[in-house]
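Have a look at the structure below before the remarks.
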Amino acid sequence: MKAMSAIALGALVLSPVAAIAADPPPGATSCSGCHGSNAAADSPIPKLHGRDAGETLAAMVAFRSGERPATVMDRIAKGFSDDETRLIADWLAAQK
Amino acid sequence: MPVTTPHSRRRFLRSSAALAAAAAFPLPALAQKAPRVLVIGGGFGGASVARELRNLDPKIHVTLIESNATFTACPFSNAVIGGLRDLKAQQFGYDKIRAGGVNVVNDTATAVNPASRTVRLGGITLPYDRLVLSPGIDIRWGALPGYEQAAAAKMPHAWRAGDQTTLLRNQLVAMEDGGVVVMSVPANPFRCPPGPYERASLIAHYLKTSKPKSKLIVLDAKDQFSKQRLFQSAWKELYPDHLEWVSLSAGGKVTSVDPATNTLSTDFGKHAAQVANVIPPQKAGRIAELAGVANQTGWCPIDPVTFESALVPGIHVVGDATIAGAMPKSAFSANAQAKVCAAAVAKLLTGAKPQEPRLINTCYSLVAPGYGISVAGVYAPAKDMLAEVKGSGGVSRLDAPADVRAAEAVYAEAWYRTITTEVFG
């Protein structure tokens, strides 16, 4: 197993850094099923691509705790920890 | 997890250790030649895979094979049947997908050879490095005695949207007031678990508003169904005189149909229908069976990280055709799976390791215009399946006020616009 890890690490080092940074964290690509990457400003479902990461994270945390009323986002927010949510929020913020 | 690369290298690359090694020492064959991915099936799953692969790496040659020049979407097709929507709002072309660099071939794949990694298509043979199947469903003709292919012209299933949707709509319009509509619902699994009950709701809405002396009887091969308490509570409120649901234990299982007399039989009696909608037993689309990726259930077992077939290396399956554990057969699931599958395929083509995914599903149903309900879930790989993340998911609140139902109906429409734009727009 040790040898395998070393090889895997080698793979990481050899891969282009940009490609690694661009990899969406687990769950992130599902969001655009509802939150369109080109959603209009007046869309009933807000666009998350390019949105401030702190805003997205705060909304998810409030949905999860029930502090912010929701129809469906409370049920989805409960599927992600704070750390997992932060990674998704950061990635979405970096998208155009 | 099955891990493979082109034929000549396959023996060398059996294990994930070898896979990691492949990343460290790129394969000359792969480094020199653009990888070729074939995608069969241009619905929510396949079209999403094709597009996403091009977005991830424009060097990948992506060919999308689809029999129909126009795609007709199932989500919201129940609103067409209920007279609330035009079928044109369900239809999409492939021009934008073509413009994005995907080679769209309007033809039907007739054979897959996993050993030579080729697909037979009309008179030609196309090679692939990775093949993705998103074949949707096929009807199990004859599995419900009497329901052969010819019966669908008389007793439409309307479970693949298009002409069947129009046929069922036209039959409802032609029916005289006072007629009885009978719907047959199969046992699990089938495409769109809440679909029959949304359809029942919107047919009942049509009868209530246009043919008030008529009634819908739903004969079900199950006792439990998706969003059950929400549907039943809405039916009691909205359609007490127009919709009767007969459960399995109440004798609802249809055991045979007779298209000549438009009759559906259960163990307890016969139901003569003016309009009969038979939602029949289903299986993965035909190419899945031809490729050998469907098991004895008729559906396709997959690796939950890569969506690679558990039966045939080098072939991935997404969407309704898969056995995806807790993830339902829905357009949202197919699109979410497609994006995960595309990311995994892009990694595997370069010899890198795909990451553990997390997937989301959200399914809206309309119970009436302006009255929406939903089910949602978050899923992660667990053993060989996708399992719901503990504490996540569930259905709309049973006691939600009317403004929440109205908001969910608005979100349902917005979801449809978003997903069809992402996939086809």
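So you know, we letter chains A, B, ... as the sequences are listed, proteins then strands, and number each from 1. Note that these values count all heavy atoms, side chains included, but never hydrogens, waters or copies made by symmetry.
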Provide the closest heavy-atom pair for [X] versus [Y] in the form atom of the first, atom of the second, distance.
{"X": "A:Thr71", "Y": "B:Ala407", "value": "CG2-CB, 4.4 Å"}
{"X": "A:Pro44", "Y": "B:Ala414", "value": "CG-CB, 3.7 Å"}
{"X": "A:Val72", "Y": "B:Ser374", "value": "CG2-OG, 4.2 Å"}

(request) Report yes if some heavy atom in the side chain of A:Asp23 is under 4.5 Å from a heavy atom in the side chain of B:Lys347; otherwise report no. (result)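 The answer is yes; the side chains approach within 4.5 Å.
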
(message) So B:Gln355 and A:Pro26, do their side chains get closer than 4.5 Å, heavy atoms only?
(response)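 When only atoms from C-beta onward are counted, B:Gln355 and A:Pro26 do touch, with a gap below 4.5 Å.
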
(message) Using a 4.5 angstrom heavy-atom cutoff, name the option from A:Ala39, A:Gly36, A:Ala77, A:Cys34 with the most pairs to chain B.
(response)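 Most pairs with chain B among the choices: A:Cys34.
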
Give the member of [options] that has the highest number of heavy-atom pairs under 4.5 Å with chain A.
{"options": "B:Ala400, B:Gly394, B:Ala336, B:Ala338", "result": "B:Gly394"}
{"options": "B:Ala376, B:Gly391, B:Ser396", "result": "B:Ser396"}
{"options": "B:Ile419, B:Asp57, B:Val395", "result": "B:Val395"}

Crowding at [atom1], [X] (>12 non-hydrogen neighbours, <6.0 Å):
{"X": "B:Asp384", "atom1": "CG", "value": "no"}
{"X": "B:Lys96", "atom1": "NZ", "value": "no"}
{"X": "A:Asn38", "atom1": "CG", "value": "no"}

Where on [X] is there a heavy atom nearer than 4.5 Å to chain A: the side chain, the backbone, both, or neither?
{"X": "B:Val375", "result": "backbone"}
{"X": "B:Thr362", "result": "side chain"}
{"X": "B:Tyr411", "result": "both"}
{"X": "B:Tyr364", "result": "side chain"}

To the nearest 0.5 angstrom, please state how far the [atom1] atom of [X] sits from the [atom2] atom of [Y].
{"X": "A:Thr29", "Y": "B:Asn55", "atom1": "OG1", "atom2": "CG", "result": "12.0 Å"}
{"X": "B:Asn335", "Y": "A:Ser30", "atom1": "CG", "atom2": "OG", "result": "8.0 Å"}
{"X": "A:Arg75", "Y": "B:Arg397", "atom1": "CZ", "atom2": "CZ", "result": "10.5 Å"}

(request) Using non-hydrogen atoms and a 4.5 Å limit, figure out which bit of A:Pro69 sits close to chain B: side chain, backbone, both or neither. (result)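 Neither; nothing under 4.5 Å.
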
(request) Answer yes if the side chains of A:Ser43 and B:Arg417 hold a donor-acceptor pair under 3.5 Å, and no otherwise. (result)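 The criterion, which ignores hydrogens and geometry beyond distance, is not satisfied for B:Arg417 and A:Ser43.
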
(message) Taking A:Ser37's backbone N and O only, do any of them form a donor-acceptor pair with B:Glu422's side chain (distance below 3.5 Å, no angle check)?
(response)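 Such a contact is absent between B:Glu422 side chain and A:Ser37 backbone.
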
